[in-house]
Amino acid sequence: MSSHPSSSDPSGAASSAFHRLHPQVRRWVWTQGWKELRGIQEAAIVPILKGTQDVILSASTASGKTEAAFLPICSRLAEDAGGSVRAIYVGPLKALINDQFERLDGLCEGLHIPVHRWHGDVSQGHKARLLQSPAGILLITPESLEALFIRQGSALAGLFSGLEHIVIDELHAFIGTERGCQLQSLLHRVELSLRRTVPRVGLSATLGDMSLAAEFLRPGAGAKVRLCNSDSGGGELLLQLRGYRKRAPDMRTEEDEEPSDDLPEDEHDVGAHLFKTLRGTHNLVFANSRANVELYADLLRRMCEDARLPNEFFPHHGNLSKELREEAEAALKAKQRPVSLVCTTTLEMGIDVGSVQSIAQVGVPPSVSSLRQRLGRSGRKGGPSVLRLYLQEAELTKTSPLSDQLRVRLVQSVAMLELLLTNWFEPPASGAFHFSTLVQQLLSLIAQHGGVKAGEAFLALCHEGPFARVSREDFVRFLRGLGQRELLSQSSDGTLLLGRVGERLVNHYSFYAAFASVEEFRLVAGGRTLGTMPIDQPLFVGTYLIFGGRRWRVLAVQGDEKVVELEPAPAGRVPVFEPTGVGRVHDRVREQMRAIYAGDGLPRYLDARALELLAEARATFQRWRLNERSIVASGMEVHVFPWAGDAVVHTLALALQARGLSVQTLGPVLSVAGQQADVEGALRALVAEGPPRAESLTRHVVNMALEKHDGFVPEDLLARDYAARYLDAEGAWRVARQVLQ
DNA sequence: GACCTGCTGCGGCCTG
């Protein structure tokens, strides 16, 4: 609390609400040695003590949001915390629940409020004890809450009968996702079983438009949610974007089968700068993909070895074993020796690793909002935040694609930094129908009650529930589709029951999660599990591998047990992980890119090489006269520049394909095979017809079934969900008109 | 051009 102006005790003039906390809670605050409550903690007291209001507490990481919620909640429970579970805390990670359990236990011990953990790693004994004498606070994951509905359906109302508070941690991580939709449905079903609403508290990072978060927290009544915001405000930011030239593919030596010890020079150059700048301190290096995390972790470790230093660089990603990840986190947090973690999005949120000296981002950031989240990890002790961005662009040749000539990666990164500096970032996704999760919630509802009437299910899930965008008509079609696929059956009185396939789904534990997962091999070296890899990897005895930032050779593969045994090796190869969905660039980013191409400003955070690359990008833009036109012909191809986000680009591509044209998209550019007149004709026809119906555009989409249960959803409903998520018909129509001008 | 998250019940074996 050193960054706060000190006062003698937390009951100072600024802390008037402090007196309203229970005496025992105030005593706990004093014993913590806190000089005063933080802004968010102060602001939360009155609305939460009221016990009737939904509240969002938004503040940066490590600002004491959990205490902000639980000081008043524990005050309310201090005299009597028994009879049933009285407060539920839902967290997205088991590790986070374990953290909060430790912290809450100290506060609750003196108040005689029992605190229970419930997730996959908690013993059945503990769970049985809570079911027997429910009381106090329950910390749980959405999946375990789902399991409670299915396994303890009839006991649920009793278990939660006296429930007064629901707290959702990391609210922003749930918004717009299947998992978030599942959580909304579960909370709604808790309230249905109690026949009353239970006030909700959402803990969130600061989001630009908090009304979206409020509407997520309380669907249908977001306007009534009380917002408590304590934005510490942006401190000083030290920024650098470093450009690198990468040899073009045809100038590179062919990769042979034997793994070579040499990395392409550009990776070496980036690695050398990382090593030189980061060694001796504590940092996070975001490398975008698990493969790149392995590549740079291995490279930096070898640089330490070459310099005869103990290793300071450790990888961190979702396929590494819990053990290796926790070791890396602990080493960084302990600050006893210099440690930098090379990571994916795993370290964007949740686990507390303390503050670090600087953030490095290798490659284009996935979005402005993730860049902002990553930046929040640095410079917390009042010092400046430091961000270094490393960007590689291909050396140009006669056959370089237009996107290389335009230095799209560099310009997109500059655009994102400019938007970050103006404090803009992408809002969370909205508008999807989430039919996949509707499949799950319907089956779960049937399992909970043993059977439901179609009308009741519609009321519970759609009409008053989180699937409000699904009409009665669509719901009937949806049910019919599930019946055909044997997920549902119907008894003679019309009650919906689980069908043959539905029964099988619900009875397997994998049903509790709203998201799908693939089977993977376990990698073991010397009896120690290093992590997992997808099973479709061609792995043979003798194959070289880089994993956990080290080099290995496959010693044995045990197909039955899905175990791969490894031994240390001098050489290695970065594994290919299963690629998943596609990135989505926002309209604002592409608009900003155009402004950068057309402008002549030279951002001060660019290094000499990045300035060169920017000059090349602008030269290409001018040579093609892209300031005055958006369609250019080149050889056998026509390039269209919508200067809009991926949803619009994707929609335009499908609309042109529907008119028989062959289209390829490369970042911001649509490349069409054929004559300019054909493309313009197709666009003119598109404009004349008005905004296209998104469902008809999806005819050319190869695979729309992207979510877990999409395979069971009737085709036309799936098309509508896909269009709502990934397409922008209105935007594409508007842009088509502009492009033709 | 991607990333992350989560999970029950039960049978079988071992140890104290």
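Throughout, protein chains are lettered first and strands after them, A, B, ... in sequence-line order, and every chain is numbered starting at 1. The structure presented is a predicted model; accordingly, all values stated were derived computationally and were not measured.
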- Query: Would Ser185(A) and Gln441(A) count as having a side-chain donor-acceptor pair, cut-off 3.5 Å?
  - Reply: yes
- Mind checking whether Trp643(A) and Tyr597(A) have ring centres under 6.0 Å apart? yes
- Task: Assign Arg325(A) to base, sugar-phosphate, or nothing according to its heavy-atom contacts below 4.0 angstrom with the strands shown.
- Result: sugar-phosphate
- Mapping Val364(A) and Thr344(A) to their closest nucleotides on DNA chain B, which lands nearer the 5' end? Val364(A)
- Task: Verify the contact: side-chain N or O of Arg290(A) to OP1 or OP2 of dC3(B), cut-off strictly under 4.0 Å; return yes or no.
- Result: yes
Could you write out each protein N or O paired with an N or O of nucleotides 6-14 of chain B at a distance under 3.5 Å?
unit_1 : atom_1 : unit_2    : atom_2 : d
dG6(B) : OP1    : Lys94(A)  : N      : 2.5
dG6(B) : O3'    : Thr141(A) : OG1    : 3.4
dG6(B) : N1     : Ser517(A) : OG     : 3.2
dC7(B) : OP1    : Gly120(A) : N      : 2.9
dC7(B) : OP1    : Thr141(A) : OG1    : 2.9
dC7(B) : OP1    : Ser144(A) : OG     : 2.7
dC7(B) : OP2    : Gly120(A) : N      : 3.0
dC7(B) : O2     : Tyr509(A) : O      : 2.6
dC7(B) : O2     : Ser510(A) : N      : 3.2

- Note on the structure: When rounded to whole Å, the CD to C1' distance for the pair Gln440(A) and dT5(B) reads 14 Å
- Can you check the Ile97(A) CD1 to dT5(B) C1' distance for me, whole Å? 11 Å
- Item | Between dG1(B) (P) and Arg590(A) (CZ): distance, integer Å | 15 Å
- Message: From CZ of Phe174(A) over to C1' of dC3(B), roughly how many Å is that when rounded to an integer?
- Response: 16 Å
- Verdict with supporting geometry, Asp404(A) and Lys246(A), salt bridge (Lys or Arg N to Asp or Glu O under 4.0 Å): CA-CA 11 Å; Asp404(A) 279 354; Lys246(A) 200 182 179 100; over 6 Å; no
- Item | Of His317(A), Arg374(A), His316(A), the residue whose pairing with Cys343(A) passes side-chain contact (heavy atoms from CB on, under 4.5 Å) | His316(A)
- Task: Rounded to the nearest angstrom, tell me the gap between atom CZ in Arg409(A) and atom P in dA2(B).
- Result: 13 Å
- d(CG, Asn98(A); P, dT5(B)) in whole Å: 14 Å
- Query: Taking atom types as modelled, is there a side-chain donor on Tyr390(A) or Arg388(A) under 3.5 Å from an acceptor on the other?
  - Reply: no
- Please report, rounded to the nearest Å, how far the P atom of dA2(B) is from the CD atom of Gln361(A). 15 Å
- Message: Between Gln664(A) and Ser671(A), do the side chains contain a donor N or O and an acceptor N or O under 3.5 Å apart?
- Response: no
- Message: Applying side-chain contact (heavy atoms from CB on, under 4.5 Å), can you list everything that pairs with Arg179(A), at least two apart in sequence or on another chain?
- Response: Pro92(A), Pro142(A), Glu143(A), Phe174(A), Thr177(A), Gln182(A), Phe515(A)
- Round to a whole Å and report the spacing from CD of Gln373(A) to P of dT5(B). 15 Å
